[in-house]
Colleague: 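Got a structure for you, questions after.
This structure is a prediction, so every number in the text was calculated from the model and none was measured. Both backbone and side-chain heavy atoms feed into the values below; hydrogens, waters and symmetry mates do not. In the text below, chain A, chain B and the rest are named by the order of the sequence lines, each starting its count at 1.
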Amino acid sequence: MTVRVRFAPSPTGYLHVGAARTALYNYLFARANDGVFILRSDDTDTARSTEEYQEDILEHMEWLGLEWDEGIVIGGEHGSYRQSDRYDRYREVARDLIESDSAYYSFATPDQLEQFRKDARDAGTSPAYDGSLEPGYGEVAGRVAAGESAVIRFRVPRPGETRFTDIVREDMVFDHKQVDDFVILRSDGSPTYHLASTVDDVDYGITHVIRGEDLLSSTPKHILLAQAMGAEPATYAHLSLLMGPDGKKLSKRHGDTAMSAYREMGVLPEAINNYLALLGWSLGDEEDVASIDEMISRFDLTTVSKNPAVFDPQKLEWLNGVYIRGMSDDEFVASTLLLVEEDLGRTLSADEREQFMEMVPLIKERTKLLPEVSDQVRFLFTNIDKYDEKSWSKVMDTPEALVALDAALAALTPLDEWTIESIESALRQMLVDTGLNARKGFQPVRVAISGSTVSPPLFESLAILGKLETLTRISNARALL
RNA sequence: GGCCCCGUCGUCUAGAGGCCUAGGACGCCGCCCUCUCAAGGCGGUAGCGUGGGUUCAAAUCCCAUCGGGGCUACCA
């Protein structure tokens with residue numbers, strides 16, 4: 001049987017990193033098993049769902065490269081894959097369930113329900129509603145016909161229990177005392193998540209449901225529902241939740257949870273995929289870096305960790321650096337040129353672009369987040385109108401600075417050939433002549449041309465900057481001493 | 001409160017009775033390299049929540065306990 005899995009976010013928020021991890025695991029599982037990966041929109045919460053969130057989810061799924069084989073946008077044999085288009089189907093199932101007595105009209109009011117739960121809590125028993133507040137069979141038809149507001153609830157068999165084997169949690173048992181007669185159709189005729197999601201899983205032939213652990217306790221409902229529909233329930237796999245540094249479910253108060261935020265801060269999709277995969281799963285050997293293809297070839301749901309995982313932005317950044325260093329120069333330029341231009345507020349001329357390309361090998365290995373590139377190359381394309389204060393006071397307010405700048409000027413001015421080699425030998429000779437060590441001799445030059453004590457390698461920077469500009473900047477700084 | 005899940009370095013994890021004086025990765029610290037910052041190399045720091053068992057032997061099995069988390073809606 002072909003493996004069919006789905007990622008079914010509800011568009012009530014942007015794509016969350018935790019959801020992205022769930023999507024990734026579904027994707028890896030599908031690809032590892034030559035299965036089908038489906039993207040569905042569980043948008044039964046009409047009050048909170050928006051098209052904007054839907055777009056955000058789609059955009060970032062594409063950005064991550066998590067291509068789906070069937071689903072929203074691209075379609076498939078099951079229609080639009082949006083639950084909001086399938087209300088008729090859900091109502092039909094609800095009717096069938098009433099017909100087969102697996103569900104019933106419920107007239108219990110919110111107040112009654114609340115009292116029921118409060119009593120149960122006080123008594124120390126299960127607060128799951130068991131249908132005990134409902135009228136006898138005889139009354140129901142009349143009250144429904146009279147137009148009385150009612151929801152449709154699933155009739156959970158009592159006594160009873162539901163057992164299933166979760167791929168990551170293994171054997172699970174839930175006593176039906178703990179499972180309430182849950183609402184499947186609201187009084188306004190709309191389906192709840194439990195109904196819509198399960199009907200879709202059944203109709204779409206989903207074989208494995210891989211989702212967050214927050215749905216673990218709801219699983220008996222979904223299994224019972226599927227069985228009542230006469231279907232074979234899917235196999236379930238519940239992934240642990242992503243936590244913030246405080247050990248609580250990852251949320252906005254821990255910082256960025258939107259995928260878009262990571263994209264904007266310059267994280268590569270390869271890096272976040274790799275990182276997210278590591279959160280709950282390990283490659284098995286002593287390596288943490290793996291391409292999506294390597295992950296696919298090694299992915300095994302049964303080895304996924306049960307433990308909740310704390311999201312660690314530092315490790316993500318490290319991984320991002322690894323991937324950035326692994327880019328070709330062309331790829332690097334392609335993904336950073338725009339950022340540099342945005343930072344400058346103008347486009348680069350052909351010559352400047354040439355300078356940028358020369359600088360690429362030097363800055364690539366110093367970059368963890370894409371936008372940092374702007375900081376590293378800005379000095380090439382703008383005049384130094386202000387020097388970094390700390391840098392200035394640290395190296396320029398010293399007696400050696402004057403000596404160094406004068407000597408550098410004298411050493412560089414006569415150079416006919418302006419290459420990395422000629423610059424280096426001239427400056428090294430300058431060190432010998434002045435008796436300054438490399439640090440004392442070079443740092444003032446660095447600050448003079450870049451404005452900071454931190455810059456790409458000096459000789460290369462001077463070479464790329466050009467002779468005229470270099471001499472001008474050194475003179476300018478010299479004048480300020 | 002009820003039910004469920006989880007518990008190895010700060011963090012992510014390897015570990016499925018002897019291979020563990022617990023391995024790797026990130027972080028952190030130090031050293032090396034070195035024109036700064038990175039990168040890289042080398043080394044170091046730090047952990048089996050606790051208490052009982054079972055066993056010749058337990059991080060691995062059992063019980064208890066403690067701790068953390070999730071669910072408990074006409075949200076998903």
Colleague: Give one of base, sugar-phosphate or nothing for A/His194, where a contact means two heavy atoms less than 4.0 Å apart.
Modeller: base

Colleague: Scan nucleotides 6-15 of chain B nucleotide by nucleotide, 5' to 3', and note B when protein non-hydrogen atoms come under 4.0 Å of the base, S if they reach only the sugar-phosphate, - if neither.
Modeller: SSS--SSSS-

Colleague: What protein N or O atoms touch nucleotides 34-37 of chain B N or O atoms at under 3.5 angstrom, if any, and at what distances?
Modeller:
residue: B/C35; atom: OP1; partner: A/Arg428; partner atom: NH1; Å: 3.2
residue: B/C35; atom: OP1; partner: A/Arg428; partner atom: NH2; Å: 2.7
residue: B/C35; atom: O2'; partner: A/Arg446; partner atom: NH2; Å: 3.1
residue: B/C35; atom: O2; partner: A/Arg446; partner atom: NH2; Å: 2.3
residue: B/C35; atom: O2; partner: A/Leu458; partner atom: N; Å: 3.3
residue: B/C35; atom: N3; partner: A/Leu458; partner atom: N; Å: 3.2
residue: B/U36; atom: O4'; partner: A/Gln443; partner atom: OE1; Å: 3.2
residue: B/U36; atom: O2'; partner: A/Thr453; partner atom: O; Å: 2.9
residue: B/U36; atom: N1; partner: A/Arg446; partner atom: NH2; Å: 3.3
residue: B/U36; atom: O2; partner: A/Thr453; partner atom: O; Å: 3.4
residue: B/U36; atom: O2; partner: A/Ser455; partner atom: N; Å: 2.9
residue: B/U36; atom: O2; partner: A/Ser455; partner atom: O; Å: 2.9
residue: B/U36; atom: N3; partner: A/Arg446; partner atom: NH1; Å: 3.3
residue: B/U36; atom: N3; partner: A/Ser455; partner atom: O; Å: 2.7
residue: B/U36; atom: O4; partner: A/Pro457; partner atom: N; Å: 3.2
residue: B/C37; atom: O2; partner: A/Arg366; partner atom: NH1; Å: 2.8
residue: B/C37; atom: N3; partner: A/Arg366; partner atom: NH1; Å: 2.1
residue: B/C37; atom: N4; partner: A/Arg366; partner atom: NH1; Å: 3.4

Colleague: What class does the angle between the rings of A/Phe174 and A/Phe164 fall in, given that below 30° is parallel, 30 to 60° is tilted and above 60° is perpendicular?
Modeller: parallel

Colleague: Look at the side chain of A/Asp214 and decide which nucleotide, out of B/G68, B/C71, B/G2, has an atom nearest to it.
Modeller: B/C71

Colleague: Starting at atom CG of A/Leu215, determine the distance to atom C1' of B/G70, rounded to an integer number of angstrom.
Modeller: 11 Å

Colleague: Have a look at A/Lys177 and say if it touches a base, only the backbone sugar-phosphate, or nothing, with a 4.0 Å heavy-atom cut-off.
Modeller: nothing

Colleague: Between A/Gln112 (CD) and B/C74 (P), how many Å, whole number?
Modeller: 13 Å

Colleague: What is the distance, to the nearest angstrom, from the CG atom on A/Asp166 to the P atom on B/C4?
Modeller: 15 Å

Colleague: Can you sort out the partners of A/Arg153 under side-chain hydrogen bond (donor to acceptor under 3.5 Å, both in side chains), two or more places apart, ordered by chain and number?
Modeller: A/Ser106

Colleague: Looking for any heavy atom pair under 4.0 Å, which part of the strands does A/Ser218 touch: base, sugar-phosphate only, or nothing?
Modeller: base

Colleague: What is the distance, rounded to the nearest whole Å, between atom CG of A/Leu316 and atom P of B/G27?
Modeller: 12 Å

Colleague: Would you measure the distance from the C1' atom in B/G10 across to the matching atom in B/G47 and give it in whole Å?
Modeller: 10 Å

Colleague: Please table the atom pairs, donor to acceptor, closer than 3.5 Å between any side-chain atom in residues 108-116 of chain A and protein atoms at least two apart or in another chain.
Modeller:
residue: A/Thr109; atom: OG1; partner: A/Gln112; partner atom: N; Å: 3.1
residue: A/Thr109; atom: OG1; partner: A/Gln112; partner atom: OE1; Å: 3.3
residue: A/Gln112; atom: OE1; partner: A/Thr109; partner atom: N; Å: 2.8
residue: A/Gln115; atom: NE2; partner: A/Asp119; partner atom: OD1; Å: 2.9

Colleague: Just checking A/Glu365: base, sugar-phosphate only, or nothing, at a heavy-atom cut-off of under 4.0 Å?
Modeller: base

Colleague: Less than 4.0 Å between a side-chain N and a carboxylate O, is that true for A/Lys221 and A/Asp180?
Modeller: yes

Colleague: Base, sugar-phosphate, or nothing: which does A/Arg48 touch, judged by heavy atoms less than 4.0 Å apart?
Modeller: base

Colleague: Under a 3.5 Å cutoff, is there a donor and acceptor pairing between the side chains of A/Gln83 and A/Arg86?
Modeller: no

Colleague: Give a yes/no verdict on a cation-pi contact between A/Arg6 and A/Tyr204, requiring under 6.0 Å between NZ or CZ and the six-membered ring centre and an angle within 45° of the axis.
Modeller: no

Colleague: So which nucleotide from B/U72, B/A25, B/A76 ends up closest to the side chain of A/Pro127?
Modeller: B/U72

Colleague: Select one nucleotide: of B/C74, B/G1, B/C5, the one nearest the side-chain heavy atoms of A/Met172.
Modeller: B/C5

Colleague: Can you check whether A/Lys221 has a side-chain N or O nearer than 4.0 Å to OP1 or OP2 of B/C71?
Modeller: no

Colleague: Applying a 4.0 Å non-hydrogen cut-off, can you work out what A/Arg153 is touching in the nucleic acid: base, sugar-phosphate, or nothing?
Modeller: sugar-phosphate

Colleague: So, using side-chain hydrogen bond (donor to acceptor under 3.5 Å, both in side chains) as the criterion, who are the partners of A/Asp300 when residues are at least two apart?
Modeller: A/Thr302

Colleague: With heavy atoms under 4.0 Å as the rule, sort A/Val151 into base, sugar-phosphate or nothing.
Modeller: base

Colleague: Searching all strands shown, indicate the nucleotide that pairs with B/A73 (Watson-Crick or G-U wobble; both distances under 3.5 Å).
Modeller: none

Colleague: For A/Tyr275 together with A/Phe311, are the ring centres under 6.0 Å from each other?
Modeller: yes

Colleague: If we take the C1' atom in both B/U13 and B/U8, what is their distance in whole Å?
Modeller: 9 Å

Colleague: Are A/Asp175 and A/Lys177 ion-paired here, with the side-chain N under 4.0 Å from a carboxylate O?
Modeller: yes

Colleague: Using whole Å, what does the distance between atom C1' of nucleotide B/A39 and atom CZ of A/Arg325 come to?
Modeller: 6 Å

Colleague: Would you mind pulling out the nucleotide paired to B/G67, Watson-Crick or G-U wobble, both distances under 3.5 Å?
Modeller: B/C6

Colleague: Touch check for A/Leu427, heavy atoms < 4.0 angstrom, all strands: base, sugar-phosphate only, or nothing?
Modeller: nothing

Colleague: Tell me which of A/Val322 and A/Leu113 sits closer to the 5' end of RNA chain B, going by the nucleotide each one is nearest to.
Modeller: A/Val322

Colleague: Taking the same atom, C1', in B/U11 and in B/G68, what whole-Å distance lies between them?
Modeller: 16 Å

Colleague: My understanding is that a pair needs two contacts under 3.5 Å, Watson-Crick or G-U wobble. By that rule, which nucleotide pairs with B/C20?
Modeller: none

Colleague: List the residues meeting side-chain hydrogen bond (donor to acceptor under 3.5 Å, both in side chains) with A/Asp312, not counting sequence neighbours, and say none if there are none.
Modeller: none

Colleague: Which nucleotide in the list B/C74, B/A76, B/A25 gets nearest to the side chain of A/Ser10?
Modeller: B/A76

